[in-house]
2 protein chains.
Amino acid sequence: MKLITRDTDYAIRILCFMVEEPNKIFTTKDLVKKLNIPYPFLRKILQILHKNNILEAFKGKRGGFLLKKSIDEIYLLDLMNIFQGKFSLSQCLFKKKPCPRIDSCKLRKKLKKMEGYLLSELKRISLGSLLK
Amino acid sequence: MKLITRDTDYAIRILCFMVEEPNKIFTTKDLVKKLNIPYPFLRKILQILHKNNILEAFKGKRGGFLLKKSIDEIYLLDLMNIFQGKFSLSQCLFKKKPCPRIDSCKLRKKLKKMEGYLLSELKRISLGSLLK
DNA sequence: CAAAATGATACTTTTATAGTATCATTCATA
DNA sequence: TATGAATGATACTATAAAAGTATCATTTTG
Ligand code: FES
Ligand code: FES
């Protein structure tokens, strides 16, 4: 079971790499060379990071991407939300319909609790904290 | 993101249902009627529960399945292991090869910690505890 | 022996993840 | 001002995992 998918993982690596030269504009090609991520996939991820305001983008010749936020302001949970959708462990699987037991269900309550714990942990993990 | 897949979930329902008449031998058909699970899928799940020693199976006419363990001895984590494989959140995604950073990686360490917490919680959840 | 059950196992469908391709737009600069 | 080097937008394809189906063999009871 994966808590973190590949695109989130790549995003982490990209950002952690970029912060080493925080004022440099990186092209997709630059990053491909360093990070071993396939060019078109990397491109997609960069575009998404841009749309989500984490990177600044410059079009045209000499363009590329620039880190927009401090690495200490970017949290793992943000990236997970961006690439994996809202984090939730406790959806009932009962035949897709909303479950009749949904309020009383003990299992759901326990899952909610775990979900709460994970969220609180994930909230605290900034990319900065992964590098220190 | 799902912590619990459909087959595990169905297994929980099956066992929680069977415990209401702990000495009754249930056929697959009996359970289909009550549990709204497609017949062949239910059958597969029952076969797996049997192989894993949670149900006793009787072949032939008048056969069926009988709960073999007390519901208080069956833990959610057991079912997850059976249907979902060994629980692990913290595998590195780095290009499938074992990752060079695997020992020093901070992210992995944090995931390991969360994994540990989840395991400890899951270990404590018996099916019995979901019913009380 | 026939009917009614499970055993074993292989197959198919659906969904999610991972990855690719392509044309449009922008910008620097020769 | 045309060209090439970059991103924007978006649609597509491939792979893997989950969910579900099908089928023939075996066992048991009546
Ligand atoms: S069975 Fe539906 S929420 Fe638990
Ligand atoms: S990058 Fe491989 S274990 Fe973290």
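The sequence lines fix the lettering, A, B, ..., with proteins before strands; numbering per chain opens at 1. Remember, predicted model here, so these are calculated numbers, not experimental data.
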Is the phosphate of dT6(C), meaning OP1 or OP2, less than 4.0 Å from a side-chain N or O of Thr28(B)?
-> yes

What integer distance in Å separates Tyr39(B):OH from dA19(D):P?
-> 21 Å

For the residue pair Lys109(B) and Ser104(B), what are the closest heavy atoms and their distance?
-> NZ-O, 3.8 Å

Considering all heavy atoms, the nearest Tyr75(A)-Lys123(A) contact | CD2-O, 2.9 Å

Taking only Lys NZ, Arg NE, NH1 and NH2, and the carboxylate oxygens of Asp or Glu, determine whether Lys34(A) and Asp30(A) approach each other closer than 4.0 Å.
-> no

Does the side chain of Glu73(B) pick up a donor-acceptor pair with the side chain of Ser70(B) at under 3.5 Å?
-> no

d(Met18(A) CE, Leu55(A) CG) to nearest 0.5 Å is 5.0 Å

Could you state the atom-to-atom distance from CD of Glu56(A) to P of dT7(D) in whole Å?
-> 14 Å

Phe26(B) CZ - dT6(C) C1' separation (whole Å) | 17 Å

Should Val32(A) and Ile25(A) be counted in the same cluster of Ile, Leu, Val, Met, Phe, Trp and Tyr side chains packed under 4.5 Å apart?
-> no

So, is Tyr10(B) near the phosphate of dG20(D), with a side-chain N or O under 4.0 Å from OP1 or OP2?
-> yes

Give the rounded distance in Å between these two atoms: CG of Leu42(A) and C1' of dA18(C).
-> 14 Å

For Ala57(B) and Phe41(A), take the nucleotide of DNA chain C holding the closest heavy atom to each; which residue's nucleotide lies nearer the 5' end?
-> Ala57(B)

Taking C-beta and beyond as the side chain, do Lys110(A) and Ser129(B) meet within less than 4.5 Å on heavy atoms?
-> yes

Between P of dA5(C) and CG of Asp30(B), the distance in whole Å = 8 Å

Axis-to-axis angle for the helix from dC1(C)-dG30(D) to dA30(C)-dT1(D), ends of five pairs each, to 10°, equals 10°

Among dA18(C), dT9(C), dA5(C), which nucleotide sits nearest the side chain of Gln47(B)?
-> dT9(C)

Round to the nearest Å and state the distance from Ile45(B) atom CD1 to dT6(C) atom P.
-> 14 Å

Which residue, Leu46(A) or Lys2(A), contacts DNA chain D at a nucleotide closer to its 5' end, judged by nearest heavy atom?
-> Leu46(A)

Please check if any side-chain donor atom of Lys86(A) sits under 3.5 Å from a side-chain acceptor atom of Asn81(A), or the reverse.
-> no

When the distance from NZ of Lys24(A) to P of dA6(D) is rounded to whole Å, what number comes out?
-> 12 Å

Indicate for each nucleotide in nucleotides 21-30 of chain C, in 5' to 3' sequence, whether protein heavy atoms under 4.0 Å reach the base (B), only the sugar-phosphate (S), or nothing (-).
-> -B--BBBBS-

Nearest to the side chain of His50(B), which nucleotide is it out of dG7(C), dA19(D), dT20(C)?
-> dG7(C)

To the nearest angstrom, how far is Asn52(A) atom CG from dT7(D) atom C1'?
-> 16 Å

Between Asn53(B) and Lys68(B), is any pair of side-chain heavy atoms under 4.5 Å apart?
-> yes

Any donor-acceptor pair under 3.5 Å linking the side chain of Asn52(B) with the backbone of Leu49(B)?
-> no

With the side chain of Arg6(A) defined as its heavy atoms from C-beta on, choose the nearest nucleotide among dG19(C), dG7(C), dT6(C).
-> dG19(C)

